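Comments concern the structure below.
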Amino acid sequence: MTASIVGWAHTPFGKFDTETVESLVTRVANEAMADAGISASDVDEIVLGHFNAGFSPQDFTASLVLQADPKLRFKPTTRVENACATGSAAVHQGVRAIAAGAARIVLVVGVEQMTRTPSAEIGKNLLKASYLPEDGDTVGGFAGVFGKIASSYFQKYGDQSDALALIAAKNHKNGVANPYAQMRKDFGFEFCRAESEKNPYVAGPLKRTDCSLVSDGAAALVLADAETAKGMSKSIGFRATAHAQDFLPMSKRDILQFEGCTVAWQRALEKAGVALTDLSFVETHDCFTVAELIEYEAMGLTPKGQGARAIKEGWTLKDGKLPVNPSGGLKAKGHPIGATGVSMHVMTAMQLAGQAPEGMQLKNATLGGIFNMGGAAVANYVSVLEPLK
């Protein structure tokens, strides 16, 4: 691939009463450019990932990035959206602009502000990422959609409550070392496994600890072409990217297969010329713990129906054979929709540059995989990154 990540920025994720979409966007845009050592005048194109769907009264937000610096005025700027994969859609668009020779340097920003929205509206907004004729009346919103998926999985493969609790506990433990994470607390397996007043059932077999957090936050990347990246202080290259879009209605596919995830992984690994076992770690889309469980199978880590093996046998722990979500994932880090995919690329780039926070940094990380998903395995994006310097 011709594109490299040469700079990045990331706000903490959480609830921010004094921030706005605009303030989050301008903050990370300026910090990413400073991290890359470039001026706003060096940027050839801008891509903003912002889901919105009613979370922010201000729509048409692409030009908010220009507020970061007057020198960004008149730069080609586009907002993209692909549900919870919005951030990766923005990153991949930037990569394509460079591959096409249309840009030398691209600024990619992802943002979402969700916490100012009343709880009832949050559920309605998130359901817009599902097929409303089938799922529009689902109790519990998008958690209800994945609650149905979890129930179907349990019916087919048996009760997986232990596996889901282990995944939640793993990701919360990992998140303790991530200063950007919204929830930095090691809850432990027993708390995640047991129903309690603080951990009630939310939808089907999913408890509160099985669900990602409603969040505010932003992240940004500076992408550069190969020649430009040679003169930068750091360069994390895209070994491969892949995007597979599936049917929106779950009734048109086997929802326990996550086939779009499988196709995206297969395409990316083939392009990269590597096997899954060659990866040092993976950041995957754990919007709900059952999603991470099924993704183990979809990426080829285990056979179908045996995803629990990966967590029960410790494969996906930080010291396992394929660490998954060393950042804490969406479960601990939070899930501001438009920022999530960009965040996953920042976290992966930090690992590969040896610049992840103490306690989060993996030893000898040389190849990182990213899977970011929109809807219930509808928009499926995979990136494979490697350090070039």
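Worth saying up front: this structure is predicted, and the values here are computed from it rather than measured. Position 1 is the first residue of the sequence, and the numbers go up from there.
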**Asked** Within the distance-only criterion (no hydrogens, no angle test), does the side chain of Lys333 pair as donor or acceptor with the backbone N or O of Gln182 below 3.5 angstrom?
**Response** no
**Asked** So, the side chain of Thr77 versus the backbone of Ser63: is there a donor-acceptor pair under 3.5 Å, distance only?
**Response** no
**Request:** Just say parallel, tilted or perpendicular for the rings of Tyr381 and His243, cut-offs at 30° and 60°.
**Result:** parallel
**Message:** Does either side chain, that of Asp216 or that of Thr115, offer a donor lying less than 3.5 Å from an acceptor on the other one?
**Reply:** yes
**Prompt:** Passes side chain to side chain donor-acceptor pair (under 3.5 Å), Thr316 versus Tyr296? Steps please.
**Reply:** CA-CA 9 Å; Thr316 58; Tyr296 293 161; 3.2 Å; yes
**Prompt:** Are any non-hydrogen side-chain atoms of Met33 and Val43 less than 4.5 angstrom apart?
**Reply:** yes
**Whether over 12 other heavy atoms sit under 6.0 Å from Lys124 NZ** = no
**Residues Glu19, Arg27; criterion salt bridge (Lys or Arg N to Asp or Glu O under 4.0 Å); working and verdict** = CA-CA 10 Å; Glu19 296 280 7; Arg27 174 179 166 184; 3.4 Å; yes
**Message:** Using side chain to side chain contact (heavy atoms under 4.5 Å, CB included), reason through Trp8 and Gln355 one step at a time and then give a plain yes or no.
**Reply:** CA-CA 11 Å; Trp8 53 75; Gln355 296 181 7; 3.4 Å; yes
**For Leu330 against Asp286, the heavy-atom pair lying closest together** = N-OD1, 2.7 Å
**Short N-O contact, Glu292 and Lys331, less than 4.0 angstrom** = no
**Asked** Quick one: do Lys234 and Asp35 make a salt bridge, cutoff under 4.0 Å?
**Response** yes
**Message:** Between Arg239 and Glu386, does any side-chain N to carboxylate O distance fall below 4.0 Å?
**Reply:** yes
**Prompt:** Where does the angle between the aromatic ring planes of Phe191 and Phe187 fall among parallel (under 30°), tilted (30 to 60°) and perpendicular (over 60°)?
**Reply:** parallel
**Message:** Testing the 3.5 Å rule here: is there a donor-acceptor pair between the side chains of Asp59 and Asn52?
**Reply:** yes
**Asked** So, Arg193 and Asp162, do they make that salt bridge, N to O below 4.0 Å?
**Response** yes
**Item:** salt bridge (Lys or Arg N to Asp or Glu O under 4.0 Å) between Glu81 and Lys128, worked out
**Value:** CA-CA 12 Å; Glu81 179 275 318; Lys128 294 174 185 177; over 6 Å; no
**Prompt:** Pick one: which of Thr241, Asn372, Asn380, Asn82 meets side chain to side chain donor-acceptor pair (under 3.5 Å) with Ser88?
**Reply:** Asn372
**Asked** Any chance CG of Asp137 has more than 12 other-residue heavy atoms, nucleotides or ligands included, within less than 6.0 Å?
**Response** no
**Atom of Val6, atom of Ala229 and distance for their closest heavy-atom approach** = CG1-CB, 4.0 Å
**Asked** Parallel under 30°, tilted from 30 to 60°, perpendicular over 60°: which one fits the rings of Phe142 and Phe288?
**Response** tilted
**Message:** Between His285 and His335 (judged by ring centroids, cut-off 6.0 Å), do the two rings come close enough to count as a pair?
**Reply:** yes
